[in-house]
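In each ligand, atom 1 is the first atom listed, and ligand 1 is the first ligand listed.
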Amino acid sequence: MRIDVLTLFPEIFTHFEEWSIIGRIIDKGLVTIRKINIRDFSEDKHKRVDDYPYGGGPGMIMKPEPIYSAIKEVKSDNSKVIYLSPQGKVLNQQLVNRLSKEEHLILLCGHYEGIDNRIIENYVDLEISIGDYVLTGGEIPAMVLIESIIRLLPGALGKESYKEESHFNGLLEYPQYTRPRVFNGLSVPEVLLSGNHQKIQEWRKYQSLKNTYLKRPDLLENIQLTDEEMKILKKIKEEFD
Ligand SMILES: O=C(N[C@H]1CCCN(c2cc(-c3ccncc3)n[nH]2)C1)c1cc2ccccc2[nH]1
């Protein structure tokens, strides 16, 4: 997979690319990430990339030409142009899974009060939001998107680890514990010390369904539960309603 990040602040991505799992996935050659400085595509002698909004209003808007030139420079037939925006489709694991199958992603990071709408309407394939809040720019959302996608690439993680992670199967994760066995008088659930893998698996499934039902019932609307899971959920509803 190739990812090109169009940004006015490429330096913000330097440590990100070296950080932990991201660096390892890049070192494995599973993804290449390029930072493209939109300012390099300004043909203005002062390298301007923003201007005042037509119709007045606060702040500045990113000019269309430098963005268009940057997209044209990197775009090919199999590219998907994604604009990180508060107005975008809210990211979830299903969308991440879909995007992880793309060959080339071009992530456009806006700044100031936004970008000229002619770019969004004519050259952006998908607007994505990471949540309903306005940030200073699209760079941090771009990092969230990159990490969520590249960890799904074949060979990125240990064999099965991600399949156990919350949201992978649509449910929230079960509670996790580690040593010591008693901490501040608080013990680890006995079943986890039993060595009975069947019982541990059943306990974890119950806890995942309970966590999801109590903390994020909305997620249950989009999941196809097995008959066994439906039975467990019925018990949970009886216990907590
Ligand atoms: O939306 C604004 N700025 C955005 C422009 C696009 C890049 N920025 C951004 C992206 C995001 C974002 C992206 C993805 N998911 C969540 C938030 N938040 N903020 C900053 C904005 C700032 C602003 C200030 C005064 C009046 C109107 C205004 N609009």
Side-chain angles (χ1 to χ4, degrees), residues 1-17 19 21-22 31 33-42 44 47-75 79-102 104-152 166-167 216 218-219 222:
M1 171 181 276
R2 289 185 299 126
I3 299 176
D4 287 325
V5 185
L6 308 188
T7 173
L8 291 173
F9 307 98
E11 66 278 5
I12 195 173
F13 290 89
T14 306
H15 292 300
F16 170 70
E17 286 174 309
W19 175 66
I21 183 168
I22 312 289
V31 64
I33 301 175
R34 284 192 308 177
K35 295 133 10 217
I36 310 292
N37 191 336
I38 296 169
R39 194 174 297 279
D40 293 346
F41 293 84
S42 168
D44 171 285
K47 287 287 181 195
R48 289 203 64 132
V49 290
D50 62 318
D51 209 333
Y52 297 98
Y54 278 117
M60 306 296 278
I61 302 298
M62 287 176 73
K63 294 173 63 59
E65 309 98 313
I67 298 174
Y68 172 69
S69 301
I71 291 173
K72 212 167 70 170
E73 173 76 13
V74 299
K75 190 168 166 52
S79 309
K80 277 280 175 307
V81 180
I82 294 172
Y83 176 47
L84 287 306
S85 146
Q87 295 159 32
K89 176 178 170 51
V90 178
L91 187 65
N92 62 18
Q93 196 61 39
Q94 196 179 7
L95 179 52
V96 171
N97 292 345
R98 180 157 70 84
L99 293 172
S100 70
K101 295 167 174 55
E102 293 290 342
H104 182 212
L105 298 177
I106 299 171
L107 307 186
L108 173 57
C109 301
H111 204 77
Y112 310 113
E113 272 55 71
I115 69 174
D116 188 290
N117 203 55
R118 287 167 288 188
I119 291 292
I120 301 171
E121 283 187 326
N122 300 285
Y123 304 104
V124 166
D125 298 307
L126 180 62
E127 281 185 271
I128 290 181
S129 164
I130 61 165
D132 294 330
Y133 32 80
V134 178
L135 302 168
T136 312
E139 281 77 12
I140 291 176
M143 289 184 212
V144 168
L145 183 61
I146 291 170
E147 178 181 345
S148 63
I149 287 171
I150 68 174
R151 64 201 322 277
L152 294 186
S166 68
H167 289 290
R216 288 291 307 276
D218 56 298
L219 294 177
N222 310 316

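Residues Ser148 and Val96 share a closest heavy-atom pair of O-CG1, 3.1 Å. Nearest heavy-atom pair, Tyr112 versus Met62, reported as atom, atom and distance to 0.1 Å: CD1-CG, 3.6 Å. Looking at every heavy atom in both residues, Cys109 comes nearest to Val5 through SG-CG1, 3.8 Å.
At the top of the distance list for atom 17 (C) of ligand 1, counting protein heavy atoms only, stands Tyr133 O, 3.2 Å. Of all protein heavy atoms, the one lying nearest to atom 1 (O) of ligand 1 is Val134 CG1, 4.0 Å. Residue, atom and distance of the protein heavy atom nearest to atom 23 (C) of ligand 1 are Glu113 OE2, 3.2 Å. Looking only at heavy atoms of the protein, atom 6 (C) of ligand 1 is closest to Tyr83 OH, 3.2 Å. In terms of protein heavy-atom proximity, atom 15 (N) of ligand 1 is closest to Ile130 N, 2.8 Å. With respect to atom 3 (N) of ligand 1, the closest heavy atom belonging to the protein is Tyr112 O, 3.1 Å.
In terms of polar-atom proximity, defined here as any N/O pair under 3.5 Å, Leu135 does make such a contact with ligand 1.
Distances shorter than 4.0 angstrom do not occur between any heavy atom of Asp132 and any atom of ligand 1. For Gly137, the closest heavy-atom approach to ligand 1 falls below 4.0 Å. By the 4.0 Å heavy-atom criterion, Gly59 is excluded from the residues contacting ligand 1.
More than 12 non-hydrogen atoms from other residues, nucleotides or ligands lie less than 6.0 angstrom from CG of Leu95. Heavy atoms of other residues, nucleotides or ligands lying less than 6.0 angstrom from CG of Asn122 number more than 12. Counting non-hydrogen atoms of other residues, nucleotides and ligands closer than 6.0 Å to CD of Glu113 gives a total above 12.
Contacts between Ser85 and ligand 1, counted as non-hydrogen atom pairs separated by less than 4.0 Å, involve the backbone only. At a heavy-atom cutoff of 4.0 Å, ligand 1 is contacted by the backbone of Ile128 but not by its side chain.
Looking only at distances, a side-chain donor or acceptor of Ser42 sits under 3.5 Å from a matching main-chain atom of Arg48.
Salt-bridge annotation for Lys35 and Glu11: absent, with no side-chain N of the basic residue lying under 4.0 Å from a carboxylate O of the acidic one. Salt-bridge annotation for Asp125 and Lys80: absent, with no side-chain N of the basic residue lying under 4.0 Å from a carboxylate O of the acidic one.
Residue nearest to atom 7 (C) of ligand 1, selected from Pro58, Gly110, Pro86: Gly110 (by heavy-atom distance). Across the listed options Thr136, Ile61, Leu84, Ile115, Thr136 owns the non-hydrogen atom lying nearest to atom 20 (C) of ligand 1.
Of all atoms in ligand 1, listed by their number and element, those nearer than 4.0 Å to a heavy atom of Gly131 are 16 (C). Each of the atoms 14 (C), 15 (N), 16 (C) of ligand 1 lies under 4.0 Å from some heavy atom of Ser129. Under a 4.0 Å criterion applied to the non-hydrogen atoms of Gly114, ligand 1 contributes the atoms 5 (C).
Of the options Lys101, Gln94, Gln93, a side-chain hydrogen bond (donor to acceptor under 3.5 Å, both in side chains) to Asn97 is made by Gln93 and by none of the others.
Taking 4.5 Å as the limit, some side-chain heavy atom of Thr7 sits within range of a side-chain heavy atom of Phe13.
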